[in-house]
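Here the structure comes first, spelled out in structure tokens, and everything after it is commentary.
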Amino acid sequence: MGQEQSKFHCNQYLDGQGPPSLLHQANGEANGTYKVLNGSQPEGQMTWVILHRDLPGYPEDNTLQINYVFTDGIQTEKHPHPGQPFAGLRLWAYLPDNREGRKVLRLLDKAFNQQLLFTIATNQDGEDVITTAAIPLKTQPDGRSKTDSYPDPDYLKNVKKLLKDKGIE
């Protein structure tokens, strides 16, 4: 009450504007905070290793490489097309191996175990595939992509805020 209808996520989506950007969500500029206990992520595996190299923006730190592996499978009632197959995924994500990076790693592990990091969606070819959900991951360690790589001085702070909004602390 007292708010313009255009400020609600559902109205933005219905008006063709889509959901608020991750930056708006991380800055708390989006209406509504939803605590999700378990998401629609298929069964998979998350492991990590330390690489003895730095990430752009973190010259003094090693790199945490997170490995996500999902095999091909059949969708359940939590997914868009129950009973239909989906393609698996192998994905690597990167964090600096420092205090803040280790904290984000712990939070991502918790979110993974609550099935919040990935979901199944239909790609532009009409295939159901596993993709990241609402939490962005840095999948390029060396600046090849402005959104998926380092340097990004606000990434760790923004991810912690997005995870907190999902009940992961």
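Here the structure is a predicted model, which means the values were calculated and not measured. Residues: numbered from 1 along the sequence shown.
Residue Gln114 holds its CD atom at 10.0 Å from CG of Leu163, rounded to the nearest 0.5 Å. In this structure, the separation between CG on Leu108 and CG on Leu116 is 11.0 Å, given to the nearest 0.5 Å. Separation of atoms CD (Gln75) and CD1 (Ile120) is listed at 4.5 Å; rounding is to 0.5 Å. Taking CG of Asn123 as the start and CG of Asp128 as the end, the distance is 8.0 Å to the nearest 0.5 Å. Residue Arg90 holds its CZ atom at 9.5 Å from OG1 of Thr71, rounded to the nearest 0.5 Å. Rounded to the nearest 0.5 angstrom, Leu107 CG and Arg102 CZ are separated by 13.5 Å.
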Worked check of side chain to side chain contact (heavy atoms under 4.5 Å, CB included) between Thr131 and Phe118:
CA-CA 6 Å; Thr131 186; Phe118 295 88; over 6 Å; no

Go through it in stages, so that I can follow the logic: the residues are Glu100 and Lys160, the test is salt bridge (charged side-chain N to carboxylate O under 4.0 Å, His left out), and I'd like the CA-CA distance, side-chain angles, deciding distance and then a yes or no.
CA-CA 10 Å; Glu100 192 172 8; Lys160 286 192 295 187; 3.1 Å; yes

I'd like to know whether Asp109 forms a salt bridge (charged side-chain N to carboxylate O under 4.0 Å, His left out) with Arg106, so could you lay out the CA-CA distance, the side-chain angles of the two residues, the decisive distance to 0.1 Å, and finally the verdict.
CA-CA 5 Å; Asp109 185 50; Arg106 183 182 58 77; over 6 Å; no

Might you work through the side chain to side chain contact (heavy atoms under 4.5 Å, CB included) test for Gln115 and Glu43, ending with a clear yes or no?
CA-CA 8 Å; Gln115 301 178 327; Glu43 291 296 317; 3.5 Å; yes

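Side-chain N/O atoms of Asn67 and Gln65 include a donor and acceptor closer than 3.5 Å.
Follow the hydrophobic side-chain contacts under 4.5 Å out from Phe112 and you never reach Val129; the two are in separate clusters. Val104 and Leu51 fall within the same hydrophobic cluster, defined by Ile, Leu, Val, Met, Phe, Trp and Tyr side-chain heavy atoms under 4.5 Å apart, directly or through other members.
Side-chain contact between Tyr68 and Ile130 is absent, with no heavy atoms from C-beta onward closer than 4.5 Å. Annotation: side chain of Leu95 is in contact with side chain of Ile66 (closest heavy-atom distance under 4.5 Å). Side chains of Phe86 and Ile74 form no contact here, defined as non-hydrogen atoms less than 4.5 Å apart. No side-chain heavy atom of Lys103 sits under 4.5 Å from any side-chain heavy atom of Val159. Side chains of Leu162 and Lys164 form no contact here, defined as non-hydrogen atoms less than 4.5 Å apart. Proximity of Leu117 to Gln41: side-chain heavy atoms (C-beta onward) are separated by under 4.5 Å at one or more points. At a threshold of 4.5 Å between non-hydrogen side-chain atoms, the residues Asp142 and Arg53 count as touching. Side chains of Asp61 and Leu55 form no contact here, defined as non-hydrogen atoms less than 4.5 Å apart.
Checked against side chain to side chain donor-acceptor pair (under 3.5 Å), Asn62 has no partners two or more places apart in sequence or in another chain. Listed by chain and residue number, nothing satisfies the ring pair (Phe, Tyr, Trp, His ring centres under 6.0 Å) test with Tyr94 (two or more places apart in sequence, or in another chain).
Closest heavy-atom contact between Gly101 and Leu156: N-CD1, 4.2 Å. The two residues Pro56 and Pro141 come nearest to each other via the heavy atoms CD-O, 3.0 Å. Pairing each heavy atom of Asp148 with each of Leu137, the nearest pair is OD1-O, 4.1 Å. Taking every heavy atom of both residues into account, Tyr150 and Pro96 meet most closely at OH-CD, 3.7 Å. Here the shortest heavy-atom pairing between Ser40 and Lys78 reads CB-O, 3.5 Å. Here the closest heavy-atom approach between residue Glu77 and residue Pro82 is recorded as CA-CG, 3.9 Å.
The backbone N or O of Ala93 lies less than 3.5 Å from no partner atom in the side chain of Thr139, so there is not a single donor-acceptor pair. The backbone N or O of Glu127 lies less than 3.5 Å from no partner atom in the side chain of Asp125, so there is not a single donor-acceptor pair. Looking at Lys110, its side chain does come within 3.5 Å of a backbone N or O of Glu169 through a donor-acceptor pair.
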